Amino acid sequence: MTRRIDTAAARDVLIANDRGGYTVPTSRLYPFQWNWDSAFVAMGWATFDEERAWRELERLVEGQWADGMVPHIVFHAPSDDYFPGPDVWGTHHSPPTSGISQPPVLASAVKFVFDHAKGADAAKRAEGLYHAALASHRWWAIARDPEGTGLVAILHPWESGMDNSPAWDEAFARVPAEPRTEIRRRDTAHVGAAMRPHDDDYRRYIHLVDIFREAGWDASALWEKAPFKVADLAINAILQRAEQDLAHLAERFGSEAEKAEISARIEKRARALSALWSEERGLYQPLDLISGARIDVSTSAGFLPLFAGLPSADQARRMAAEIVRWRGKVAHGVPSTSPFDPRFEPKRYWRGPVWGVVNYMIAEGLAAYELTEEADAIRADTRGLISSQGFAEYFDPTTGEGLGGGSFSWTAAIALLLSR
Ligand code: DGY
């Protein structure tokens with residue numbers, strides 16, 4: 001029997017995490033506005049409060065930089081609960097922000113909210129956000145693909161949103177664990193250290209922030225100096241889907257030149273991404289742009305090209321079979337790292353746990369290929385995890401236990417999206 005989600009409780013999580021037009025991922029652990037969290041959260045708000053959904057996205061782009069970057073954190077109000085705060089980033093933006101980005105779900109969220117909107121001002125609000133999303137896609141193409149390969153790069157593991165994925169292990173090991181800024185971790189005061197990245201990871205995370213801050217957050221200087229540069233699948237696949245959603249919005253709000261610009265990026269990125277397919281592994285793999293080598297890893301990000309309609313029908317079926325194989329090895333899917341990989345850790349953040357947002361995107365992708373049974377199985381599993389464990393940040397695929405922060409906004413948003 002499929003368990004039912006308590007949608008009233010899911011709405012209450014968003015309401016409780018509302019800080020005045022923006023939603024914190026969860027109190028204490030993440031006390032500001034996070035970029036991709038907010039995009040999913042806006043879709044959740046759209047299921048019951050259209051005004052609030054628009055506000056979420058508008059508050060996010062208050063942090064947008066003049067060059068188009070939408071930062072991964074907007075520090076709307078001070079808090080001592082999180083490290084690294086605005087002083088460490090030193091970006092001098094108002095409102096204060098971090099200096100890197102995150103998976104660009106924004107255009108997809110704008111399209112979703114607009115598609116469900118009934119308000120008289122919906123077109124005006126969507127139009128403003130269309131221009132913000134367009135500027136952010138241009139930023140990705142210019143700042144993070146200056147050589148014009150079609151694939152954009154992350155310069156920090158935090159940009160992938162999948163901070164400690166084994167996908168970064170080799171490339172990240174080249175980053176010196178020598179920060180100049182004193183590390184004052186706050187995350188492990190809120191959740192158990194066994195569920196979080198290691199101290200050594202933090203030394204490297206902050207070393208990168210130190211390099212970028214000292215380069216004055218200039219995009220071309222960052223590209224020049226970054227010792228970590230990876231063409232990640234989550235970023236590229238989510239951006240590709242976002243470009244498609246932006247193209248839909250451009251039909252209504254864009255100029256002919258903008259439509260042509262967007263479709264040129266879509267075509268170029270599709271060609272570049274197709275080279276990252278691994279027939280042997282049954283998914284896509286990221287590219288280390290410093291060594292030039294394909295990273296031989298199997299993570300759930302490798303299935304996200306489904307969400308952008310990139311694979312052929314045969315490749316989509318191959319991915320569906322691989323997902324079924326993973327799910328056969330553990331009790332719940334989709335684990336963030338293959339459970340057949342020796343680096344799989346079922347409780348440690350992005351090294352194994354199941355994440356609702358990733359399941360949502362994979363299931364949407366599978367459904368678009370009419371792999372309905374596989375999509376429904378993932379959705380039912382996700383609903384079951386949430387209804388039995390509550391709105392946890394993520395879940396142990398071997399036991400189903402809810403882990404990380406509790407009362408988590410994006411898990412509540414996914415619960416609302418899966419209950420429609
Ligand atoms: C964190 O602090 O855990 C975040 O993922 C970085 O944005």
Side-chain angles (χ1 to χ4, degrees), residues 14 18-25 32-74 76 93-95 97-98 101-143 152 161 235 238-259 261-263 265-266 307-308 357 361 409-410 413 416-417:
L14 297 191
D18 184 0
R19 295 291 180 273
Y22 71 94
T23 312
V24 296
F32 311 108
Q33 188 175 23
W34 259 260
N35 180 335
W36 74 320
D37 290 72
S38 264
F40 288 109
V41 161
M43 299 189 220
W45 279 112
T47 65
F48 69 104
D49 187 340
E50 182 180 326
E51 165 58 28
R52 190 54 192 75
W54 289 124
R55 280 304 289 147
E56 187 73 30
L57 299 173
E58 289 162 355
R59 296 236 54 195
L60 177 64
V61 302
E62 282 173 20
Q64 185 164 31
W65 287 18
D67 65 2
M69 182 184 73
V70 180
H72 96 298
I73 307 174
V74 186
H76 289 289
H93 188 274
S94 178
T97 70
S98 69
S101 196
Q102 239 181 0
V105 189
L106 174 63
S108 301
V110 177
K111 178 174 184 295
F112 183 96
V113 177
F114 188 52
D115 285 348
H116 293 81
K118 296 188 173 56
D121 61 348
K124 193 162 150 270
R125 298 179 92 165
E127 184 169 11
L129 290 161
Y130 159 77
H131 289 292
L134 175 63
S136 114
H137 292 195
R138 286 177 176 156
W139 174 82
W140 277 106
I142 294 165
V152 300
I235 292 282
I238 289 170
L239 179 57
Q240 183 73 348
R241 169 59 185 258
E243 295 272 29
Q244 292 159 9
D245 290 331
L246 193 69
H248 281 282
L249 294 167
E251 287 300 324
R252 175 86 185 257
F253 305 115
S255 66
E256 289 308 314
E258 286 165 0
K259 287 186 221 167
E261 170 198 330
I262 296 164
S263 64
R265 279 199 299 265
I266 291 175
F307 185 55
V357 291
M361 291 186 282
S409 298
W410 75 4
L416 291 167
L417 295 173

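Small disclaimer: the values here were computed from a predicted structure and weren't measured.
- In summary, the side chains of Trp139 and Ser101 do not present any donor paired with an acceptor at a separation below 3.5 Å, with no hydrogens or angles considered.
- For Lys124, the NZ atom counts as loosely surrounded, since its 6.0 Å shell holds 12 or fewer non-hydrogen atoms of other residues, nucleotides or ligands.
- Looking at Ser409, its side chain does come within 3.5 Å of a backbone N or O of Val24 through a donor-acceptor pair.
- In this structure the side chain of Trp34 reaches within 4.5 angstrom of the side chain of Phe32, judged on heavy atoms.
- Cation-pi geometry between Arg241 and Phe307 is satisfied (NZ or CZ under 6.0 Å from the ring centre, within 45° of the ring normal).
- Contact of the Val74 side chain with the Tyr22 side chain is not registered, since no non-hydrogen atoms from C-beta on lie closer than 4.5 Å.
- With contacts defined as side-chain heavy-atom distances shorter than 4.5 Å, the pair Ile238/Val105 qualifies.
- Phe40 CZ to Leu416 CG: the interatomic distance, rounded to the nearest 0.5 Å, is 14.0 Å.
- Counting only distance, with no hydrogens or angles, the side chain of Glu50 and the backbone of Lys118 share a donor-acceptor pair below 3.5 Å.
- In terms of the salt bridge (charged side-chain N to carboxylate O under 4.0 Å, His left out) criterion, residue partners of Glu51 (sequence neighbours excluded) are, by chain and number, Arg125.
- A donor-acceptor pair is defined here as one N or O able to donate and one able to accept, closer than 3.5 Å; no such pair exists between the side chain of Glu243 and the backbone of Ile266.
- Residues Val113 and Leu129 form no side-chain contact, since every pair of their non-hydrogen atoms from C-beta on lies 4.5 Å or further apart.
- Ring geometry for His93 versus Trp65: interplanar angle under 30°, hence parallel rather than tilted (30 to 60°).
- For Arg52, the salt bridge (charged side-chain N to carboxylate O under 4.0 Å, His left out) test picks out Asp18, Glu56, with sequence neighbours left out.
- Two residues are said to be in side-chain contact when any heavy atoms from C-beta on lie closer than 4.5 Å; Glu127 and Arg252 fail this criterion.
- Judged by distance alone, the side chain of Thr23 and the main-chain N or O of Leu14 form no donor-acceptor pair under 3.5 Å.
- Leu106 is listed as a side-chain neighbour of Val61, based on a closest heavy-atom distance under 4.5 Å.
- For His248, there are no ring-ring contact (aromatic ring centres under 6.0 Å, His included) partners at least two apart in sequence or on another chain.
- Ring-plane geometry between Tyr130 and Phe253 is classed as tilted, the angle between the planes lying from 30 to 60 degrees on a 0 to 90 degree scale.
- For the atom pair Leu57 CG and Glu62 CD, the distance stands at 11.5 Å (nearest 0.5 Å).
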